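Given the structure is predicted, the values throughout are model-derived calculations rather than measurements. Numbered from 1 within each chain, the chains take letters A, B, ... in sequence-line order.
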Amino acid sequence: MEAFHLLSRGGALFDKKRFKKDVQLFDKSKSQDKGKGVAKPATDGELPTELDFFKYAQGGSAKRKTDGDSQHKAKKARLDEDMDVDEDAENVGAPEEGEPSSSVPRQRVTAKGNNVPEALYTFAELGSKYNIPSRLLQNLEASGYKQPTGIQAHGVPILLEHRDLAAISPTGTGKTLSYLLPLFASLAAPNSGSNPEHGRGVRALVLAPTRELAHQIHNECLKLAQGRKWRIVLFSKATAATLADKNVRDKVDIIISTPLRMVAALQSGNLELSNVRHLVLDEADRMLDPEFLEQVREVVAACSHPRVQKAVFSATLPANAEKIAMDMLTDPIRVVVGLKDTPLPLIAQSLTYVHDDSSKLPTLLQYLAQPYNPPVLVFVSTQPRASSLAEELVLSGVQNVDCLHAGMSKKEREDAVSRMRKGESWVMVTTEVMARGMDFKGVREVINYDFPQSVQSYVHRIGRTGRAGREGKAVTYFTDEDAPFLKTIANVILQSGSTVPDWILKLPKPSKMKRREMGKVKRADAVNAARRIGRQDAIKKRDMIKGSQRRKERAMQPARRQRDEGKASDVGEDAE
DNA sequence: AAAAAAC
């Protein structure tokens with residue numbers, strides 16, 4: 001039981017020091033055939049933002065040949081055509097000038113609301129029309145931003161005109177800059193504390209669901225803040241404490257925070273939000289989940305400035321979340337880029353049948369034994385499963401395995417992200433904590449080791465690849481137990497231009513009763529698995545791996561068959 | 001429908 005608690009807190013099982021020796025051993029023994037099994041890892045350094053980001057808009061040559069799936073490409077092209085037709089037909093966001101000549105997804109954009117400001121397709125236009133400080137435009141250019149993406153072209157003018165906004169745009173299409181650029185432009189200058197227009201205290205607040213994402217947003221802020229003395233605070237216990245000093249507190253410009261951290265600060269009495277004029281909810285649907293909603297409402301209520309501008313952003317916004325969001329906004333404009341709740345066509349998706357949970361590990365090991373594009377992001381459903389899978393991969397000789405979940409210490413989490421950014425992680429095993437917002441430019445492949453629990457989860461997880469116009473690949477394992485949810489995900493895959501085996505689409509829609517039953521089975525399994533993992537017996541675990549490798553033979557047969565079927569059949573026209 | 005994440 002104690003072991004289980006340790007595990008839940010995280011890090012206990014995947015102890016770097018403990019396994020360092022093993023890792024080094026494996027490094028040496030495998031160093032000769034390193035180049036043959038694993039492609040050179042792509043790092044952020046190899047793909048700087050400035051080179052890659054706007055390939056998406058410009059129709060450039062960022063395309064990589066990840067596989068020879070020409071059907072996928074053909075399908076994708078058809079989808080793009082459809083989108084263009086839609087765009088013209090609706091005459092929304094159809095650009096006249098300055099539009100990059102593009103053969104890449106020019107996704108349909110719809111903007112609904114009162115007096116929708118005109119979209120602007122160059123940052124220069126934005127500069128002249130809205131009088132954006134030249135320094136900000138310089139920083140933009142220095143950071144490599146050349147051409148606005150769809151959401152930037154439409155969203156930035158809306159926010160610059162101080163309107164409320166609900167923005168829905170696919171993963172990796174530049175949502176962060178869509179709200180940060182107008183934020184800096186609207187704030188105009190750092191708060192000196194003596195400018196009556198600026199008032200006293202923090203003027204802008206960005207909320208995000210995870211520490212890692214808040215950190216990443218903060219980094220983006222710093223790029224735009226170059227050369228001016230902006231006070232931008234990444235909220236933590238430590239930085240919150242510095243705000244006890246009123247002189248510091250009064251001059252803060254922007255705070256980036258997670259909701260609960262903000263609530264804690266409000267309750268401590270060290271922070272007031274009555275001067276906040278810009279409030280952004282990133283990953284809005286996640287922030288409006290029942291667990292976050294009360295906290296978020298509390299923060300929103302504390303932003304009592306009469307002219308506070310509110311904006312919500314996400315790639316997914318289910319109806320119930322959208323209702324809550326729209327009720328929070330004043331005379332909002334709703335912008336949708338592409339198709340809501342749909343992955344980018346750039347991501348080649350497939351489903352792999354693995355029979356049951358014990359067949360997953362051998363399937364993954366086989367996958368990693370063949371050439372692959374590191375880093376690979378592997379999603380699992382719980383923290384203990386993340387820790388133990390990472391450990392088992394290390395024990396099996398996989399190189400540069402990392403693990404990241406919220407049960408790990410702050411430092412462990414920061415180190416894991418840092419290794420990921422440096423390209424040192426080749427296989428990153430993680431939970432939902434990494435599913436949203438995280439932008440690792442090198443990620444080419446995502447594996448859903450555990451089936452995602454919702455369409456939203458699926459869309460965000462696989463959206464860690466295929467960012468900023470690059471192509472990506474996403475594989476989702478499914479077991480017999482996942483059957484009730486298979487069809488829903490299959491339809492999402494189909495809608496975004498990948499193919500799925502015909503038989504999956506013919507599955508009956510499961511009844512609510514059945515789904516509930518399956519949920520219980522899964523939960524019981526998860527508990528059992530956690531208990532099993534709790535027994536930290538390395539020998540036993542090795543036996544388990546051997547055992548599952550023996551089972552692999554059988555397991556891989558159906559898996560291969562599924563894959564082949566998936567390639568052979570194009571059932572796209574039958575989409576619901 | 002359920003786990004994860006938030007301090």
Can you name the residues that form a side-chain contact (heavy atoms from CB on, under 4.5 Å) with A/Glu272, not counting sequence neighbours?
-> A/Ser274
For DNA chain B, find the residues of residues 282-293 of chain A with a heavy-atom distance under 4.0 Å and give them by number; none if there aren't any.
-> A/Arg286, A/Glu291, A/Phe292
Name all residues meeting the salt bridge (charged side-chain N to carboxylate O under 4.0 Å, His left out) criterion together with A/Lys360; count only those two or more places apart in sequence or in a different chain, and write none if there are none.
-> A/Asp357, A/Asp450
Which nucleotide in B/dA4, B/dA5, B/dC7 has an atom nearest any side-chain atom of A/Thr382 = B/dA4
Look at A/Arg211 and B/dC7 and indicate whether a side-chain polar atom (N or O) is within less than 4.0 Å of OP1 or OP2.
-> yes
Qualifying residues under side-chain contact (heavy atoms from CB on, under 4.5 Å), relative to A/Pro182, sequence neighbours excluded = A/Val156, A/Leu159, A/Leu160
Is any NZ, NE, NH1 or NH2 atom of the basic residue among A/Arg203 and A/Asp253 found under 4.0 Å from an Asp or Glu carboxylate oxygen of the other?
-> yes
Measure from CG on A/Leu404 to C1' on B/dA4 and round the result to the nearest Å.
-> 12 Å
Under the ring pair (Phe, Tyr, Trp, His ring centres under 6.0 Å) test, which residues partner A/Tyr179, sequence neighbours left out?
-> A/Phe313
Answer with base, sugar-phosphate or nothing: what part of the nucleic acid does A/Ser457 contact at a heavy-atom distance below 4.0 Å?
-> nothing
Tell me: CG of A/Leu271 to C1' of B/dC7, nearest whole Å?
-> 15 Å
Using the test salt bridge (charged side-chain N to carboxylate O under 4.0 Å, His left out), find all partners of A/Asp245 that sit at least two apart in sequence or belong to another chain.
-> none
Contact class for A/Arg413 vs. all strands (heavy atom < 4.0 Å): base, sugar-phosphate, or nothing?
-> sugar-phosphate
